[in-house]
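Input: a single structure, listed below in structure tokens.
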Amino acid sequence: MSEDVQGHIKLYYKIGGALLFLTVVTVGVSYIDFAVPMAIVVALIVATVKGSLVASYFMHLIGEQKGIYAALALTAFFFVVLIFIPLLGHSNTFGERKSFPNSHPPVVGGEAH
Amino acid sequence: MEIPYIVDERPDTGLTNVKLGIWLFLASEVMLFGGLFSAYILLRINAVDGAWPAFATNPLSVPIGAFNTVVLISSSVTMVLSYAALKMDDLSGYKKYMGLTIGLSLLFLVVKSYEYYDKFSHGDIPAASTFLAVYFTMTGLHGLHIIGGVVVNGYFLGPGTAMWYSNKPQFINRIEASGLYWHFVDLVWIFLFPVLYLL
């Protein structure tokens, strides 16, 4: 039991190190002059890898019971629906700009402090 | 009346009610933050040119945001180490790592408060732009979750530790549930940081 936990502790440190390394990668990549769509894809891929490490090892999702997977699969489905709602609302006006209240350029700020 | 299946696993689910309960709560949290991320996408793709700051003109400080990311990831490591210490029957190790977790959580809040103060003192309030409104809403809600985690973990480090002497398995289950919540809060920040500071 104790040796088993000791093995896990070494793994936790490795995962922590990987997460810190990927944070450096996230920041470093943002300074590369990608086009906005590519920058979004790269940043979200790195964030997804980091999130997967946290969920799999720190939250012990690897080796979890089927009931948890079922609940999370349902959550993931509705999460994706939620994320795509803005795109569904946008699909009949692709190529056009819709003006939202307060979507004008910032009145104050805009400079890095 | 004793609450059933808080230590033993239910035969039908193979889970304790504690674990099933915290995961269902986290599922609702995914939808809560999912709604805000959805609003972020809606407002960003419909923003007129110049309304949404590009990376070069983003008013947020990347070094400060990156520092807070490191702080929160470190707190996740210490949180899981506190749980591992209990599994090894090491209460003093648990107290050490739980204390570190709370300390790092408070450091995160101090840094976030400095960021807020800096923004407000420069007139960068939520009403100033859609981007700032989204920034304060999302990080504000996340900050409230951090405060909630500090309160719960503080209880488990202080008076809640008494359960260790009366019912060890139940106390370990509580720390596992608290840890799952804390890692979720870390996970949300892992997405908030690039979305708000870097893109």
Side-chain angles (χ1 to χ4, degrees), chain A residues 1-2 5-6 8-9 12-13 15-16 19-20 23-24 26-27 29-31 36 39-40 43-44 46-48 50-51 54-55 57-60 65-68 71-72 74-76 78-79 82-87 89-90 97-100 102-113, chain B residues 13-15 19-20 23-24 27 30-31 34-35 37-39 41-43 45-48 50-51 53-55 57-59 61-62 66 69-70 73-74 76-77 79-81 84 87-88 118-119 122-125 128-133 179-180 183-184 186-187 190-191 193-195 198-199:
Chain A
M1 170 75 174
S2 185
V5 178
Q6 287 288 1
H8 279 116
I9 288 173
Y12 296 147
Y13 278 116
I15 299 296
L19 289 169
L20 294 177
T23 301
V24 174
T26 309
V27 175
V29 164
S30 69
Y31 285 97
V36 171
I40 291 173
L44 289 184
V46 178
T48 304
K50 287 169 73 180
V54 171
Y57 295 100
F58 288 171
M59 300 173 88
H60 305 116
Q65 294 289 330
K66 284 180 185 168
I68 301 293
L72 289 182
L74 205 60
T75 310
F78 284 109
F79 177 78
L82 203 57
I83 293 299
F84 274 91
I85 283 174
L87 298 179
H90 205 60
R97 283 284 186 200
K98 284 198 290 185
S99 186
F100 275 72
N102 200 27
S103 63
H104 51 71
V107 179
V108 190
E111 295 291 321
H113 304 304
Chain B
T13 61
L15 296 160
K19 191 181 265 191
L20 185 61
W23 272 111
L24 290 177
V30 168
M31 299 310 285
F37 276 106
S38 184
I41 295 169
L42 180 76
L43 291 165
I45 62 178
N46 288 293
V48 295
F55 176 62
T57 56
N58 193 319
S61 165
V62 174
T69 307
V70 170
I73 287 172
S74 303
S76 247
V77 175
M79 184 77 211
V80 79
L81 289 176
K87 288 288 227 183
M88 291 193 300
D118 183 57
K119 288 286 152 289
H122 286 87
D124 291 339
I125 57 173
S129 74
T130 308
F131 170 74
L132 286 169
L180 284 171
H183 301 312
F184 174 78
D186 179 30
L187 207 154
I190 282 172
F191 283 92
F193 172 58
V195 162
L198 304 177
L199 295 177

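In what follows, chains carry the letters A, B, and so on, assigned in the order in which the sequence lines appear, proteins first and then strands, with residues in each chain numbered from 1.
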Residue selection (most heavy-atom pairs with chain A, distance under 4.5 Å) from B:Val70, B:Thr13, B:Leu15
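Option with the top pair count is B:Leu15.
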Taking every non-hydrogen pair under 4.5 Å, which of B:Leu81, B:Leu180, B:Val80 racks up the most with chain A?
B:Val80
To the nearest 0.5 Å, what is the distance between [atom1] on [X] and [atom2] on [Y]?
X        : Y       : atom1 : atom2 : value
A:Leu19  : A:Thr26 : CG    : OG1   : 10.0 Å
B:Phe131 : B:Asn58 : CZ    : CG    : 4.0 Å
B:Leu20  : A:Gln65 : CG    : CD    : 10.5 Å

Check whether B:Lys119 reaches the backbone of B:Pro59 with its side chain - one donor and one acceptor, N or O, closer than 3.5 Å.
yes
Donor-acceptor check, side chain of A:Thr75 to backbone of B:Ala27, threshold 3.5 angstrom: yes or no?
no
If you count heavy-atom pairs under 4.5 Å with chain B, which of A:Ile68, A:Val54, A:Val29 comes out on top?
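Ranked by contacts with chain B, first place is A:Ile68.
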Under 4.5 Å heavy-atom distance to chain A, tell me which part of [X] shows up: side chain, backbone, both or neither.
X        : result
B:Phe184 : both
B:Ile125 : neither
B:Leu199 : side chain

Can you say whether A:Ile83 sits under 4.5 Å from chain B via the side chain, the backbone, both, or neither, judging by heavy atoms?
both
In terms of relative ring orientation, are A:His60 and A:His8 parallel, tilted or perpendicular, with 30° and 60° separating the classes?
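It falls in the perpendicular class, over 60°.
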